Student: 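First, the structure itself, so that you have it in front of you.
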There are 2 protein chains.
Amino acid sequence: MSEQTSSFETHISYAVAAAHRSVNQRMTAQLKKHGIQIEAWRVMECLDAGERLTMGALASKALINPPTLSKLVDRMVSDGLVHRQISQSDQREINLLLTHLGRIRMLDIRKDVEEQDGALNGLLETEDGALLLKLLSKITV
Amino acid sequence: MSEQTSSFETHISYAVAAAHRSVNQRMTAQLKKHGIQIEAWRVMECLDAGERLTMGALASKALINPPTLSKLVDRMVSDGLVHRQISQSDQREINLLLTHLGRIRMLDIRKDVEEQDGALNGLLETEDGALLLKLLSKITV
DNA sequence: TGAATTTAGTTGACTTGGAAAGCAAATTCA
DNA sequence: TGAATTTGCTTTCCAAGTCAACTAAATTCA
């Protein structure tokens with residue numbers, strides 16, 4: 001099987017964790033001036049992109065566990081960024097919506113995130129950004 | 001600049017977060033039967049690989065913030081996996097060492113991790129594993 | 001030398017995250 | 001129909017993480 005004992009830094013899991021940590025640190029620093037965390041940004045982008053998302057759908061798109069999302073949304077509601085609306089087709093479901101303020105803030109934050117993502121892409125050769133996305137998607141179940 | 005508004009899922013930061021979440025979930029499930037968390041495994045591998053690591057060096061290699069590492073090490077010490085040794089060259093530094101039990105446990109866990117990493121590599125074409133590592137290292141500061 | 005600064009690591013107060021239990025609406029099927 | 005099950009989300013309780021402050025050793029330099 002494996003020809004030699006490779007150092008553990010060459011494990012895919014390690015490389016992904018290292019990249020994630022690095023990217024998250026840049027991102028957190030960038031979002032700090034907006035007083036918001038990465039997860040909240042993802043929630044806002046998801047809400048802007050998809051329409052009438054339920055908590056469950058949102059949790060999976062925004063990469064957040066349901067209980068954690070529930071609490072994050074509590075905070076975002078009290079910050080006036082989003083509001084909950086009970087679905088009329090199924091009373092158990094919640095449709096989450098961006099408030100006007102939420103949308104404004106999101107557009108503002110997006111500029112910085114785009115810039116940051118551009119810088120990240122700048123670290124790669126031209127087509128490598130797309131290639132990286134493709135490879136990452138393959139290991140993402 | 002950007003020709004069109006791309007969906008936020010194509011951001012490198014999102015793809016990395018998604019991959020990380022997915023890999024971590026597999027890994028956590030795998031390590032559950034050993035009653036250990038991913039970070040503790042990384043600590044053990046770091047200690048096995050490098051010699052006489054200080055807390056600071058370890059924190060950076062194992063991708064853990066110093067205060068978090070300090071507490072994790074407390075737990076690992078009381079589980080008998082590692083022990084602290086004050087460096088004689090600098091009394092402020094701690095050299096962390098695997099205990100005998102720690103080494104045994106590590107070797108045992110390593111088998112499962114290798115297997116899991118193999119499965120991950122199996123999701124990619126032959127040379128893509130190495131390619132992914134290379135691309136990830138470029139965005140890791 | 002010795003006061004001031006820097007560096008290594010830990011601690012403490014506080015926040016956040018997660019697993020499992022809980023609640024209520026919807027669905028199944030006897 | 002109505003009891004049993006499933007589904008969607010939240011709450012609770014506890015474990016873990018973070019920021020900032022702290023201790024102590026080493027280093028700087030006046």
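Keep in mind that what you see is a predicted model, and the values were worked out from it rather than measured. Chain naming here is simple, since letters A, B, ... match the order of the sequence lines and numbering starts at 1 in each. What's counted below: heavy atoms across the whole structure, side chains too, no hydrogens, waters or symmetry copies.
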Student: Nearest whole angstrom, please: distance from the C1' of D:dG8 to the CG of A:Asn95.
Tutor: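 Rounded to whole Å, this separation is 12 Å.
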Student: Report the residues that fulfil side-chain contact (heavy atoms from CB on, under 4.5 Å) with B:Glu115, sequence neighbours left out, ordered by chain and then residue number.
Tutor: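 Testing B:Glu115 for side-chain contact (heavy atoms from CB on, under 4.5 Å), a comparison that skips the adjacent residues, returns B:Gln30, B:Asp112.
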Student: Heavy-atom nearest nucleotide on DNA chain D for B:Pro67 versus A:Ala57: which residue maps closer to 5'?
Tutor: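 Closer to the 5' end of DNA chain D: A:Ala57.
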Student: Which class fits the ring pair B:His11 and A:Trp41: parallel under 30°, tilted 30 to 60°, perpendicular over 60°?
Tutor: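 Taking A:Trp41 first and then B:His11, their aromatic rings sit tilted (interplane angle of 30° to 60°).
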Student: What are the residues of residues 70-92 of chain A, sorted by number, that bring a heavy atom to within less than 4.0 Å of DNA chain C?
Tutor: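 Contacts with DNA chain C under 4.0 Å: A:Lys71, A:Arg75, A:Asp90, A:Gln91, A:Arg92.
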Student: My understanding is that only residues two or more places apart in sequence, or in another chain, count here; which of them pass salt bridge (Lys or Arg N to Asp or Glu O under 4.0 Å) with B:Arg75?
Tutor: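 Expected list: none.
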Student: Could you give the CD1-to-C1' distance, from B:Ile64 to D:dG17, as a whole number of Å?
Tutor: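 Going from B:Ile64 (CD1) to D:dG17 (C1'), I get 11 Å.
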Student: How would you list, by chain and number, every residue that makes a side-chain contact (heavy atoms from CB on, under 4.5 Å) with A:Arg52, sequence neighbours excluded?
Tutor: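 In terms of side-chain contact (heavy atoms from CB on, under 4.5 Å), with neighbours along the sequence ignored, A:Arg52 is linked to A:Gln85, A:Asn95.
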Student: Does any non-hydrogen side-chain atom of A:Glu93 lie less than 4.5 Å from one of A:Met55?
Tutor: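 Counting from C-beta outward, A:Met55 and A:Glu93 never come under 4.5 Å.
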Student: For the helix from C:dT1-D:dA30 to C:dA30-D:dT1, how many degrees between its two end axes (five pairs per end), to the nearest 10°?
Tutor: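 Between the axes fitted at each end of the helix from C:dT1-D:dA30 to C:dA30-D:dT1 lies an angle of 10°.
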Student: Does A:Lys32 have any side-chain contact (heavy atoms from CB on, under 4.5 Å) partners at least two apart in sequence or in another chain, and if so, which?
Tutor: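 Listed in chain order: nothing, the list is empty.
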Student: Between D:dT10 atom P and A:Asn65 atom CG, what is the distance in whole Å?
Tutor: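 Rounded to whole Å, this separation is 14 Å.
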Student: Is there a side-chain contact between B:Leu31 and B:Ile109 in this structure, where contact means two heavy atoms from C-beta onward sitting under 4.5 Å apart?
Tutor: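 Yes, side chains in contact.
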Student: Can you sort out which residues in residues 17-32 of chain A have a heavy atom within less than 4.0 Å of DNA chain C? Ascending by number, please.
Tutor: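 Heavy-atom contacts with DNA chain C come from no residue of residues 17-32 of chain A; none.
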Student: Who passes salt bridge (Lys or Arg N to Asp or Glu O under 4.0 Å) against A:Arg103, sequence neighbours left out?
Tutor: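 Applying salt bridge (Lys or Arg N to Asp or Glu O under 4.0 Å) to A:Arg103 gives A:Asp48.
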Student: Just jot down the side-chain contact (heavy atoms from CB on, under 4.5 Å) partners of A:Asp128, sequence neighbours excluded, or say none.
Tutor: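 For A:Asp128, the residues satisfying side-chain contact (heavy atoms from CB on, under 4.5 Å) (neighbours in sequence not counted) are A:Leu124, A:Glu125, A:Leu131, B:Leu135, B:Lys138.
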Student: Checking A:Ser89 now: which residues fulfil side chain to side chain donor-acceptor pair (under 3.5 Å) with it, not counting sequence neighbours?
Tutor: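 By the side chain to side chain donor-acceptor pair (under 3.5 Å) rule, A:Ser89 matches A:Ser87.
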Student: Salt bridge check, A:Arg84 against A:Asp74: does any charged N sit closer than 4.0 Å to a carboxylate O?
Tutor: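 Yes.
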Student: For B:Gln37 and D:dA16, what is the distance between atoms CD and C1' respectively, to the nearest whole Å?
Tutor: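 Answer to the nearest Å: 8 Å.
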Student: Would you mind reporting whether A:Glu45 and B:Tyr14 have side-chain heavy atoms less than 4.5 Å apart?
Tutor: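 A side-chain contact is absent here, since even the closest heavy-atom pair is not under 4.5 Å.
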Student: In chain order, what residues pass the side chain to side chain donor-acceptor pair (under 3.5 Å) check against A:Asp90, with sequence neighbours excluded?
Tutor: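 In terms of side chain to side chain donor-acceptor pair (under 3.5 Å), with neighbours along the sequence ignored, A:Asp90 is linked to A:Arg92.
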Student: For DNA chain C, note the earliest and the latest nucleotide, 5' to 3', having some atom under 4.0 Å of a heavy atom belonging to chain B.
Tutor: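 With heavy atoms of chain B under 4.0 Å away, the range is C:dT7 to C:dA13.
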